[in-house]
Amino acid sequence: MKKQQVLEKLERTWNDFQQSFAGLPDDLLSQPGANGDWSVKDLMAHVAWWEEETLKHLPDVALGKRLPRYADLYGGLDAFNRLMWEKWRWASLAEVRQYMFDTHRRLLEYIQAAPDELLQTDTRFRHRLRLDTYSHYPEHTRMVLAWRERAGLD
């Protein structure tokens, strides 16, 4: 897969995520229930903090460095997500939107500047990018769409 294909897949799945909550009133985006206690706003922040993690770690992956395990650093992925949720849950919707769009813009800039060979199939770089972005967004798109259906918001 070439860089342009990766970027197109990333953007397509990102846009699907954005469309899953497009047009909903701000007050609904902040109500718990989209995924347990999490609101759509929390899912927006969640997607952004994983993009931020991607930006934090991809330079080391590109250099062939071994990354620390979330189990060792935080007690696992769930513990990391809880920690970040606690950090972002009190932010306003406007702050979360800004964080989400700024982080996504920085990620796109970074990927566009990355050497093509890092984005070839089966590289560690591409694997990390996939896990944190275009394989991650659809999971939360489905959550938002299911929440909309349960809430009768379709």
Side-chain angles (χ1 to χ4, degrees), residues 1 3-61 67-112 114 119 123-154:
M1 189 178 282
K3 181 190 297 189
Q4 190 57 40
Q5 292 171 305
V6 170
L7 285 166
E8 286 170 6
K9 188 169 192 168
L10 195 147
E11 279 304 278
R12 185 176 60 255
T13 55
W14 166 261
N15 289 332
D16 289 346
F17 177 62
Q18 298 301 305
Q19 286 302 308
S20 73
F21 54 84
L24 292 176
D26 288 356
D27 62 319
L28 285 179
L29 296 177
S30 298
Q31 288 181 4
N35 183 34
D37 291 337
W38 287 26
S39 65
V40 173
K41 180 192 86 166
D42 296 326
L43 294 174
M44 293 161 66
H46 172 79
V47 164
W49 75 60
W50 277 105
E51 284 189 340
E52 190 168 38
E53 284 294 292
T54 305
L55 284 165
K56 177 177 159 185
H57 294 296
L58 281 181
D60 286 338
V61 171
L67 300 179
R69 294 169 30 101
Y70 285 86
D72 297 334
L73 294 174
Y74 304 102
L77 294 175
D78 289 341
F80 174 73
N81 282 329
R82 270 191 307 280
L83 177 72
M84 294 303 290
W85 178 64
E86 285 296 334
K87 175 182 175 181
W88 281 98
R89 69 187 284 201
W90 306 112
S92 71
L93 180 59
E95 290 169 320
V96 168
R97 274 192 176 122
Q98 189 69 51
Y99 172 56
M100 182 180 64
F101 287 119
D102 287 350
T103 305
H104 190 70
R105 177 191 45 77
R106 288 187 302 116
L107 177 67
L108 290 177
E109 289 170 356
Y110 180 79
I111 297 305
Q112 287 168 343
L119 294 161
T123 63
R124 285 181 60 230
F125 187 93
R126 169 96 176 279
H127 179 73
R128 177 67 192 237
L129 178 66
R130 177 181 56 79
L131 288 177
D132 292 346
T133 62
Y134 60 86
S135 288
H136 188 217
Y137 309 145
E139 174 185 350
H140 299 298
T141 299
R142 288 187 298 273
M143 286 178 185
V144 174
L145 293 175
W147 169 76
R148 287 181 75 134
E149 186 176 325
R150 286 191 310 274
L153 300 170
D154 289 336

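All values below come from the heavy atoms of this structure, side chains included, with hydrogens, waters and symmetry mates left out.
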Q: Evaluate the side chain to side chain contact (heavy atoms under 4.5 Å, CB included) criterion for residues Glu51 and Leu55: first the C-alpha distance (whole Å), next the side-chain angles of each, then the deciding distance (0.1 Å), finally the verdict.
A: CA-CA 6 Å; Glu51 284 189 340; Leu55 284 165; 5.6 Å; no
Q.
side chain to side chain contact (heavy atoms under 4.5 Å, CB included) for His136 and His46? Distances and angles first, verdict last.
A. CA-CA 10 Å; His136 188 217; His46 172 79; 2.9 Å; yes
Q | Separation of Lys9 NZ from Leu129 CG (nearest 0.5 Å) | A | 11.0 Å
Could you pull out every donor-acceptor pair under 3.5 Å between side chains of residues 15-23 and any protein atom, sequence neighbours left out?
residue, atom, partner, partner atom, Å
Asn15, ND2, Glu11, O, 3.1
Ser20, OG, Phe17, O, 2.6

Q) Can you tell me how far CH2 of Trp85 sits from CH2 of Trp90, rounded to the nearest 0.5 angstrom? A) 7.5 Å
**Q.** Test item: Thr13 side-chain N/O and Leu10 main-chain N/O as donor-acceptor pair under 3.5 Å
**A.** yes
Q. Which residue pairs pass the salt bridge (charged side-chain N to carboxylate O under 4.0 Å, His left out) test when at least one of the two sits in residues 127-138, sequence neighbours left out?
A. Arg128-Asp132
Q | Enclosure of Arg69 CZ (heavy-atom neighbours >12, cutoff 6.0 Å) | A | no
Q) About how many Å separate CG of Leu67 and CG of Asp72, when rounded to the nearest 0.5 Å? A) 12.0 Å
Q: Carefully, step by step, assess Tyr74 and Arg82 under the rule side chain to side chain contact (heavy atoms under 4.5 Å, CB included).
A: CA-CA 10 Å; Tyr74 304 102; Arg82 270 191 307 280; over 6 Å; no
(Q) Under the criterion side chain to side chain contact (heavy atoms under 4.5 Å, CB included), I'd like the reasoning laid out for Leu93 against Met44: C-alpha separation, chi angles, the key distance, then a yes or no. (A) CA-CA 9 Å; Leu93 180 59; Met44 293 161 66; 4.2 Å; yes
Q: Might you point out which heavy atoms bring Pro138 and Thr133 nearest each other, and give the distance in Å?
A: CD-O, 4.3 Å
**Q.** Cationic N near anionic O, under 4.0 Å, Glu109 to Arg105
**A.** yes
Q) Quick one: does Asn81's side chain get under 4.5 Å of Tyr70's, heavy atoms only? A) no
Q: Mind checking side-chain contact (heavy atoms from CB on, under 4.5 Å) for Glu95 and listing every partner two or more places apart, or none if nothing turns up?
A: Ala91, Ser92
Q: Quick one: list whatever passes ring pair (Phe, Tyr, Trp, His ring centres under 6.0 Å) with Trp147, sequence neighbours left out.
A: none
Q: Measure the NE2-OG distance between His127 and Ser135 for me, rounded to the nearest 0.5 Å.
A: 9.0 Å
Q. Can you name the residues that form a ring pair (Phe, Tyr, Trp, His ring centres under 6.0 Å) with Tyr110, not counting sequence neighbours?
A. none
Q | Gln98: partners by side-chain contact (heavy atoms from CB on, under 4.5 Å), with sequence neighbours left out | A | Asp102
Q | Contacts of type ring pair (Phe, Tyr, Trp, His ring centres under 6.0 Å), residue Tyr137, not counting sequence neighbours | A | Trp14
Q: State the CG-CD distance between Leu7 and Gln4, to the nearest 0.5 angstrom.
A: 5.5 Å
Q) When you measure from the side chain of Arg148 to the backbone N and O of Leu24, does any donor-acceptor pair fall under 3.5 Å? A) no
(Q) In the structure I gave you, are the side-chain heavy atoms of Asp26 and Arg97 within less than 4.5 Å of one another anywhere? (A) yes
Q.
Run the ring pair (Phe, Tyr, Trp, His ring centres under 6.0 Å) test against His57 and tell me which residues pass, sequence neighbours left out.
A. none
Q. With side chains defined as the heavy atoms from C-beta onward, is the minimum distance between Ile111 and Leu58 less than 4.5 Å?
A. yes
**Q.** Set of side-chain contact (heavy atoms from CB on, under 4.5 Å) partners for Asn35, sequence neighbours left out
**A.** Trp38, Leu43, Met143
Q: Please collect all salt bridge (charged side-chain N to carboxylate O under 4.0 Å, His left out) contacts where either partner lies in residues 28-46, sequence neighbours excluded, each pair once.
A: none
**Q.** side-chain contact (heavy atoms from CB on, under 4.5 Å) against Pro32, all qualifying residues, sequence neighbours excluded
**A.** none
Q. With sequence neighbours left out, what residues match Arg106 under side chain to side chain donor-acceptor pair (under 3.5 Å)?
A. none
Q | Heavy-atom check, side chain of Gln5 versus side chain of Leu119, under 4.5 Å | A | no
(Q) Among Trp88, Trp49, Trp50, which residue satisfies the ring pair (Phe, Tyr, Trp, His ring centres under 6.0 Å) criterion with Tyr99? (A) Trp88
**Q.** Test: Glu86 and Arg89 ion pair at under 4.0 Å
**A.** yes
